[in-house]
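First comes the structure, then the notes that go with it.
Every heavy atom of this structure was used, including side-chain atoms; hydrogens, water molecules and symmetry mates were not. Fair warning: this is a prediction, and the values are worked out from it, not measured in the lab.
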Amino acid sequence: MIQSLRDTRSKAHHFTNEYKDTIKESAESQSFLNDFFNIFGIHRRRVATFERPVRTDSRGVKSIDLLWEGVLLIEMKSRDQSLDKVYKQGKNYFKGLNNKQLPRFVLVCDFNEFRLYDLDNNQDYRFELNNLVNNLHLFDFMNGGNIDEITEYDLNEKAALLLGKLHDSLRESNFAGHQLQVFMVRILFCLFAEDTGVFNRHQFVKYLALFTDESGLDTEMHLSKLFQILNKSNQDRNTNLIDELNAFPYVNGDLFKERIDMPSFTSSMREQLLECCSFVWHDISPAIFGSLFQSIMNKDSRRNLGAHYTSETNILKLIKPLFLDDLQQELKQIIKLKQKKIRNRKLVDLMKKIQSLTFLDPACGCGNFLIITYREIRRLELQILKAQQNHSEQIHINIDIDPQINLNNFYGIEIDEWSTRIAEVAMWLTQHQMNVEFAKAFGREPDLLPLKERANIHHANALEVDWAVVVEKDKLNYMIGNPPFLGKNFRTKEQENSQGLVFKETVKRWKSLDFVASWFYKSAQFIQNTHIDCGFVSTNSITMGEQVATLWTPILEMGISLHFAHRTFAWHNDAKGKAAVHCVIIGFGQQERDKKYLFDYATLKSKPNSTLVKNINPYLIDASNAIISNRNKPICNTLKMVYGDMPNDGGFLLLNPDEQKQLLQDNPELNQWIKPILGAREFIHNEKRYCLWLVDIGVRELKELMKIPEIKRRIEGVKQMRLQSSRITTQKLSETPWLFGEIRHTEKNYIFIPQISSERRFYTPIGFLSKNIISTAPHVMIPNATLYEFGILTSQIHMDWMRTVAGRLKSDYRYSASVVYNNFPFPKIIDKKPIEKLAQQVLDAREIEFKKDPQTSLADLYDPDIMPPTLRKAHQKLDKAIDKLYQKQGFKTPLERVKHLFKLYQKLQ
């Protein structure tokens with residue numbers, strides 16, 4: 001009988017441990033090869049010959065180290081010899097063999113490196129001794145199997161599409177909902193299990209291929225029977241079961257307990273299932289199951305349910321400063337101890353500590369955070385066990401050489417049943433992977449089946465369920481995760497109701513908060529009077545603009561402090577399409593930490609630089625917990641900023657260039673009543689638009705204009721639009737339909753600042769506009785401004801302030817007078833002329849480009865990829881000069897500038 005894959009793996013671990021630390025000589029190659037064959041349960045003498053003589057030329061007889069006729073030729077050499085030459089030597093022996101004796105496979109080995117050549121498929125496989133256990137499938141042919149019997153590929157996007165194809169076929173056959181979800185999760189488990197040693201290799205696919213008809217008509221029956229068997233212990237199984245079914249292990253864990261209706265298969269659906277089996281699963285991290293399954297979920301429903309999948313890199317960014325770095329540092333310090341008794345006692349204490357750690361992800365999705373956290377704790381456990389083994393030659397340490405980290409210590413809450421089930425299975429599979437890593441170190445793989453423990457994944461709405469029902473506060477150590485990335489304008493009614501339950505009457509303006517803020521607030525409430533620490537990923541919206549005051553003021557009042565934070569970085573994940581968002585990571589708790597770390601990014605896609613800081617405020621700055629709130633007038637003695645004019649006209653008072661041209665051709669007398677009007681689009685992209693500007697028009701003049709049919713049509717259109725409004729103030733405006741709804745224009749030149757500007761630009765384009773040009777709200781202007789104000793507002797330090805405190809529209813900056821301008825600390829200055837001179841140089845550099853090509857726009861000039869050198873240099877000279885107004889030595893980074901501004905702001909407060 002062919003031995004189980006589990007036995008094969010166990011023997012492989014033992015073989016690896018036996019030979020890994022000893023440099024063997026070629027004289028010992030026969031014992032090495034005998035042990036190697038024993039891994040697969042094969043008596044070498046029965047199938048292969050040592051020192052097989054062969055004549056390749058007239059110069060004499062040579063010897064093949066091992067020949068298994070028709071199957072395998074092996075050549076062994078010492079570690080200092082080239083395996084390329086050894087392979088050529090082995091191939092040269094073919095000259096002395098007949099066709100029946102010619103092997104399909106050639107294996108060359110130097111006792112550490114293995115090279116297996118498949119001559120039929122022209123493939124070669126290379127690995128080292130310590131990776132033998134992960135490459136056992138390459139030697140399936142030694143037990144009568146065929147290496148190409150099941151064609152396998154690296155998992156890629158095509159694999160995900162295959163699973164999606166199967167899912168879609170099942171759903172189109174009217175097999176849907178809960179039944180489909182349970183079925184697909186079970187299939188996923190079987191695919192992974194047969195490729196990783198939980199089942200015997202190819203056990204699942206061979207059962208399907210051998211026992212189901214090509215028509216697919218009996219696939220349902222066989223799968224149903226298999227699922228029943230997987231839920232029965234060996235003693236409860238029917239004694240008349242066929243060997244192929246009885247060979248499947250008892251799974252337990254309720255994974256196969258529920259009886260579900262089974263889908264009816266067609267021939268093509270059966271082929272789709274078999275095709276899914278053909279992919280390599282053993283190298284896959286269960287952490288990417290979520291992204292893998294995105295391809296078979298509806299994209300819109302995924303967004304609405306908040307299933308947003310995270311890369312391992314980003315998860316580590318969170319869990320390392322939250323707890324993992326401290327634990328690893330503690331282990332390093334213990335290992336350095338010279339007194340064995342103290343060191344060994346501390347190893348025991350550290351092991352007990354990590355065994356008791358309990359985690360909750362209150363928006364766990366497919367379990368990515370829990371999976372990686374469990375994996376890293378298991379790896380830390382393995383390091384402790386190795387340290388115990390290395391230092392226990394003379395003194396016994398009371399640590400059992402067995403994995404002690406329990407899945408029951410990992411809790412999750414997830415609103416989507418599909419994701420909940422994926423998370424449960426993924427945690428089991430991760431447990432198995434870590435058992436394999438354990439076996440590499442200690443030569444024994446702990447039993448996975450039958451499943452004895454499980455992660456506590458609760459299918460519930462995290463904003464509505466009491467978290468204390470899920471896990472007791474006194475038991476919990478850490479909360480982790482990335483709650484749904486959903487802007488306030490994209491909430492469903494149900495989500496809004498759930499968010500309302502969190503904030504209730506405690507936060508008045510909670511509707512202005514993004515959905516993710518609910519998890520931060522509920523966590524802050526939950527951890528009161530505990531030592532629980534939290535770490536969440538979020539869109540950066542909750543650390544800028546008006547949301548900061550609304551969310552963080554009550555959180556800080558609860559006694560919460562920020563322990564670490566990653567400032568804004570570009571989000572990358574393992575999901576198809578990747579999420580196009582800018583994120584932050586925030587760690588917080590009610591207990592203070594001695595060391596707080598701030599991670600900053602030179603660019604959105606660069607690696608973070610960490611800094612030890614005294615405090616982290618809600619803007620993720622090393623400064624006091626000052627909150628920038630709406631302010632009606634500037635905090636400094638400077639000019640007032642106001643909104644542009646608001647037409648509120650339904651478009652009737654606005655003209656495009658063709659309309660303006662035609663109207664003036666027909667009625668030249670209208671020239672004095674038509675003016676250019678600019679919003680952000682026109683200002684930045686050099687586009688034209690006009691308006692009827694009838695401010696200060698006399699009664700008789702208006703009466704004459706109303707005789708012009710086009711003017712009358714437009715003014716009547718404004719009146720009807722305003723009358724039909726549900727707002728009383730707008731209805732009142734119908735009394736003056738020839739005027740803009742809100743007029744703030746003055747007969748003075750002014751600085752214009754667009755409300756929205758691309759996050760790609762180093763500088764938000766601002767500029768001087770003539771009093772003859774009308775600007776529109778929500779864009780802002782500073783009437784009667786000078787070059788000095790222009791210089792300050794276009795400087796790098798003001799841009800850094802804006803990027804920190806301004807709100808966002810998608811990823812673009814949203815400038816405002818009440819938050820950005822009115823709270824900005826202007827420098828104290830006596831002589832403004834040097835700044836005015838440098839500011840003029842910026843305008844001059846623009847003008848040079850406009851003269852070269854009148855079609856050039858500010859969007860062109862401030863595109864970071866093609867920004868003209870003269871303009872860039874002019875800005876940089878201005879930046880340096882203004883930096884020195886704040887601090888003689890200037891600043892090295894944006895973070896330094898903003899930190900300094902917060903100190904000034906605190907003083908002004």
Side-chain angles (χ1 to χ4, degrees), residues 2-54 61-94 97 101 103-119 123-145 147 197 201 436 439-445:
I2 297 175
Q3 69 184 14
S4 70
L5 181 57
R6 178 178 177 79
D7 289 339
T8 303
R9 293 173 65 89
S10 178
K11 290 181 178 180
H13 285 305
H14 180 79
F15 178 85
T16 300
N17 290 330
E18 175 72 19
Y19 287 96
K20 67 181 179 181
D21 296 324
T22 305
I23 300 178
K24 299 288 181 177
E25 301 296 336
S26 58
E28 298 179 76
S29 63
Q30 293 188 5
S31 61
F32 181 90
L33 290 176
N34 279 330
D35 291 343
F36 179 75
F37 270 69
N38 184 54
I39 292 173
F40 306 96
I42 298 173
H43 293 287
R44 192 274 313 165
R45 293 180 180 177
R46 296 179 181 177
V47 296
T49 304
F50 282 142
E51 302 298 331
R52 168 66 156 77
V54 60
V61 176
K62 298 178 180 178
S63 296
I64 302 173
D65 286 350
L66 180 144
L67 179 65
W68 183 349
E69 292 186 359
V71 179
L72 175 67
L73 181 149
I74 299 179
E75 279 295 303
M76 300 291 300
K77 297 298 177 183
S78 58
R79 296 195 185 192
D80 58 350
Q81 295 192 29
S82 168
L83 289 184
D84 290 333
K85 292 182 179 179
V86 176
Y87 173 62
K88 290 180 180 179
Q89 176 182 316
K91 284 293 296 294
N92 189 55
Y93 292 149
F94 282 28
L97 301 174
Q101 295 168 334
R104 171 179 172 178
F105 299 96
V106 173
L107 175 66
V108 295
C109 179
D110 64 1
F111 300 93
N112 178 55
E113 184 179 356
F114 290 74
R115 294 188 189 179
L116 179 68
Y117 296 85
D118 179 355
L119 304 180
Q123 293 280 342
D124 64 278
Y125 309 90
R126 305 184 184 197
F127 58 89
E128 293 186 350
L129 177 63
N130 59 3
N131 278 320
L132 172 61
V133 72
N134 294 325
N135 289 277
L136 294 175
H137 62 283
L138 297 177
F139 300 94
D140 283 356
F141 65 87
M142 294 180 69
N143 273 317
I147 198 169
R201 185 157 185 79
V436 172
K440 288 181 181 179
F442 295 102
R444 181 179 59 82
E445 186 176 321

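The minimum heavy-atom distance between Lys11 and Gly41, with the atom names listed, is NZ-CA, 4.2 Å. Of all heavy-atom pairs between Phe50 and Gln30, the closest is CZ-O, 3.4 Å. Taking both residues in full, the closest heavy atoms of Pro53 and Val61 are given as CB-CG1, 3.7 Å, listed atom of the first, atom of the second, then distance. Residue Gly197 comes nearest to Arg9 through the heavy atom pair CA-CD, 4.0 Å, listed as atom of the first residue, atom of the second, then distance.
To the nearest 0.5 angstrom, Leu72 atom CG is 7.5 Å from Leu116 atom CG. Ser82 contributes atom OG, which lies 13.0 Å from atom OH of Tyr87 (distance to the nearest 0.5 angstrom). Here the straight-line distance linking atom CD1 of Ile39 with atom OG of Ser10 works out to 10.5 Å at 0.5 Å rounding. Atoms CG and CG, from Leu33 and Leu107 in turn, are 8.0 Å apart once rounded to the nearest 0.5 Å. Taken to the nearest 0.5 Å, the CG atom of Leu136 stands 10.5 Å off from the CG atom of Asn131. Going from atom CZ of Phe114 over to atom CZ of Arg126 covers 14.5 Å, rounded to the nearest 0.5 Å.
Inter-residue side-chain proximity for Tyr19 and Leu132 is flagged as unmet; no heavy-atom pair is nearer than 4.5 Å. Contact check for Leu97 versus Leu67: side-chain heavy atoms found under the 4.5 Å cut-off. Between Met142 and Trp68 there is a side-chain heavy-atom pair separated by less than 4.5 Å. Leu83 is not listed as a side-chain neighbour of Glu75, based on a closest heavy-atom distance of 4.5 Å or more. Counting only heavy atoms from C-beta outward, the side chains of Cys109 and Phe36 never approach each other to under 4.5 Å. Residues Phe15 and Leu129 are in side-chain contact: their nearest non-hydrogen atoms beyond the backbone lie under 4.5 Å apart. Here the side chains of Tyr93 and Pro103 are not in contact, with every heavy-atom distance at 4.5 Å or above. Within the 4.5 Å cutoff, the side chain of Thr16 has no heavy atoms near those of the Val133 side chain.
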>> Between Gln89 and Val108, is the side chain to side chain contact (heavy atoms under 4.5 Å, CB included) condition met? List the steps.
In response: CA-CA 10 Å; Gln89 176 182 316; Val108 295; over 6 Å; no
> Stepwise, does the salt bridge (charged side-chain N to carboxylate O under 4.0 Å, His left out) test hold for Asp84 with Arg115?
Replying inline: CA-CA 9 Å; Asp84 290 333; Arg115 294 188 189 179; 2.5 Å; yes
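Arg46 forms no cation-pi arrangement with Phe37, by the criterion of a distance under 6.0 Å to the ring centre and an angle within 45° of the ring axis.
Salt-bridge check for Lys77 with Asp65: failed, with every basic side-chain N at 4.0 Å or more from each acidic carboxylate O.
The aromatic rings of Phe105 and Phe141 sit parallel, their planes meeting at an angle under 30°, below the 60° perpendicular limit. Using cut-offs of 30° and 60° for the angle between ring planes, the Phe139 and Phe40 rings count as tilted.
A donor-acceptor pair is defined here as one N or O able to donate and one able to accept, closer than 3.5 Å; no such pair exists between the side chain of Asn92 and the backbone of Lys88.
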